[in-house]
Amino acid sequence: MSTQAWLAVAVFAVAYVFIATEWVHRVAAALGGAVVMLLIGATDAEHAFFSPESGIDWNVIMLLIGMMLIVAVLRRTGLFEFVAIWAVKRARGRPYPVMVLLVVLTAVASAGLDNVTTVLLVAPVTLFVCDRLGLPAAPFLIAEVMASNIGGTATLIGDPPNIIIASRSGLTFNDFLNVLAPVVVILLIVFLGLCRWLFRDAFRSDSAKVAAVMAMRERDAIRNPRLLAVSLVFLAAVLAAFMLHTVLHLEPAVVAIVGGLLLLAASRLDPDEIARDVEWHTLIFFAGLFVMVGALVNTGVIDTISAAAVDAVEGRLWGATMLLLWASAALSAIVDNIPYVATMSPIVADLVKADGTPQGNVLWWALALGADLGGNATAIGASANVVVLGIAERAGKPISFWQFTKYGLIVTVITVAICVPYLYFRFF
């Protein structure tokens, strides 16, 4: 490789270390890395900002903005509080059934929305419920964020790595639903059983506090019935358009941004107020990351790695699938799975192209499952994990790195292991 290519690798490696260790905020690390890449000539403005192959992927950015706008409006309806109180009452205040309902709610919501947004909405409600029931919040928050990573695996929009994979591979919303949703249902059932064992010491409650929550009326949580009805109609329309992608010939990014903007207009809410709820720092992080990965593409680093990978696994699709599944899980446990997938997707694209058969798409599914489920292994494995730890700390109920990780490692090994026979019988 050229000197410039080695410089690009060094810049990327340093930024990766900063992102993984959080010595520098991940947004600053990604933007700083992008700026250095431009300064050393590893990329230029045209490639960085206008080329989806070697720069910012605006399809990803627009899809996230659209979904964040929809959730920001939904947040003001009281829907999520309503469902939380309803779940507690349906479980009659019993701790484990409460966890089951909250976990299932989180997993399902994460399949339709991105998991970071889901946990931002569900975590504060969980803190409220745990406080009212006299339950320790940490086990419930940890279970929910893991459920969000599992549930988000099921769809194209559920987890940011899936959005990146879809953009690179050309796989549709229905492809993700068809291949990943069945195994996610199995994983969720297994995870509920693991929760009963892993968090068994947390299932003790105060009967007086349970009675107080049972007396609450969930209807009182709905603050704006008209807005709720309008929001649900728009959300249903957007999800339907995602599933009809091949018929309508509309990109998911177009559907999401149009749906989000139309809902914002129909909601009659202050646009400035809604804009404050959009996770702009996450979007900026994505932009910086795309520029850095694009620099590796421009300098030939990705081509070099791709050629070596193709040679290593040529003619051994099952071996490549297993290597990619477990390596993705392991690496996503060490660093955030978003930069990992952004880095690996061009390599996997070359591997799939080299295989040349429809069966080769199994590599995309191995990447998605490994990265999404590997994000559960440690406290920094997925963006949703970091968000929940921050919410818990601000609420005075901190969760340590190792408190999260001791559960996450067990869950990750078991869930990834279940994917092995699934991929084999589904594709081989």
Side-chain angles (χ1 to χ4, degrees), residues 60 63-64 67 70-71 83 100-119 121-122 143-195 235-236 238-246 252 255-256 325 328-329 332 337-338 341 345 361-376 381-385 411-412 414-423 425-427:
V60 174
L63 191 149
L64 285 174
M67 295 310 296
I70 292 172
V71 172
V83 175
V100 168
L101 287 171
L102 290 175
V103 161
V104 171
L105 165 67
T106 303
V108 172
S110 293
L113 310 170
D114 72 277
N115 53 6
V116 172
T117 306
T118 300
V119 298
L121 295 166
V122 176
E144 285 170 8
V145 73
M146 290 182 181
S148 77
N149 290 328
I150 293 172
T153 304
T155 67
L156 185 157
I157 60 171
D159 209 354
N162 290 10
I163 301 173
I164 298 171
I165 289 171
S167 181
R168 285 282 184 180
S169 65
L171 295 167
T172 67
F173 186 88
N174 284 355
D175 290 331
F176 276 82
L177 202 61
N178 180 47
V179 174
L180 297 183
V183 71
V184 165
V185 171
I186 297 170
L187 295 176
L188 186 58
I189 293 170
V190 171
F191 179 65
L192 290 173
L194 287 173
C195 286
L235 179 60
V238 167
L239 295 179
F242 283 153
M243 289 184 281
L244 296 172
H245 161 69
T246 54
V255 172
L325 176 69
S328 297
S332 292
N337 55 16
I338 295 173
V341 169
S345 56
N361 278 335
V362 68
L363 296 175
W364 287 117
W365 306 124
L367 175 63
L369 288 167
D372 292 347
L373 299 175
N376 273 334
S383 299
N385 306 4
V411 170
T412 297
I414 292 174
T415 53
V416 174
I418 291 171
C419 295
V420 174
Y422 177 78
L423 290 174
F425 288 114
R426 183 74 189 256
F427 291 97

> Among all residues two or more places apart in sequence or in another chain, which pass the ring pair (Phe, Tyr, Trp, His ring centres under 6.0 Å) test with F191?
Replying inline: none
>> Just so I know, are the side chains of V104 and L192 near enough to count as touching, which here means a heavy-atom distance under 4.5 Å?
In response: yes
>> With a 3.5 Å distance limit and no angle check, can you tell me whether T155 reaches the backbone of G112 through a side-chain donor-acceptor pair?
In response: no
>> Can you give me the closest heavy-atom contact between V341 and A371, atom names plus distance?
In response: CG2-CB, 3.4 Å
>> Pairing donors with acceptors under 3.5 angstrom, does anything connect the side chains of D159 and N149?
In response: no
> Taking only residues at least two apart or on different chains, which pairs with a member in residues 143-164 satisfy ring-ring contact (aromatic ring centres under 6.0 Å, His included)?
Replying inline: none
>> Tell me which one of L373, L369, I186 satisfies side chain to side chain contact (heavy atoms under 4.5 Å, CB included) with I418.
In response: I186
> Does the side chain of V103 come within less than 4.5 Å of L188's, by heavy atoms?
Replying inline: yes
> Once you round to the nearest 0.5 Å, how far does CG of L239 lie from CD1 of I157?
Replying inline: 5.5 Å
> Shortest non-hydrogen contact from A256 to L63?
Replying inline: CB-O, 3.7 Å
>> How close do L187 and C419 get, counting heavy atoms only, and between which atoms?
In response: CD1-SG, 4.2 Å
> OG/S110 to CG/L105 distance, rounded to the nearest 0.5 angstrom?
Replying inline: 9.0 Å
>> Please report the interatomic distance CZ(F427) to CG(N361), rounded to the nearest 0.5 Å.
In response: 7.5 Å
> Shortest non-hydrogen contact from E144 to T106?
Replying inline: O-CG2, 3.3 Å
> Taking all non-hydrogen atoms of both residues, which atom of A384 and which atom of S148 are closest, and how far apart?
Replying inline: CB-OG, 4.0 Å
> Closest approach of I164 and S345, non-hydrogen atoms and distance?
Replying inline: CG2-OG, 4.0 Å
> Between D372 (side chain) and N162 (backbone), is there a donor-acceptor pair under 3.5 Å?
Replying inline: no
> Going by heavy atoms in the side chains, are N376 and T415 under 4.5 Å from each other?
Replying inline: no
> What's the spacing between I150 CD1 and I189 CD1 if we round to 0.5 Å?
Replying inline: 11.5 Å
> Does any N or O in the side chain of S332 come within less than 3.5 Å of the main-chain N or O of A329, such that one atom is a donor and the other an acceptor?
Replying inline: no
> Any side-chain heavy atom of I163 within less than 4.5 Å of one from P252?
Replying inline: no
Without placing hydrogens or testing angles, list every side-chain donor-acceptor pair under 3.5 Å for residues 175-185, not counting sequence neighbours.
unit_1, atom_1, unit_2, atom_2, d
D175, OD2, T172, N, 2.9
D175, OD2, T172, OG1, 3.1

>> Once rounded to the nearest 0.5 Å, what's the spacing between atom CG of L244 and atom CG of N174?
In response: 7.5 Å
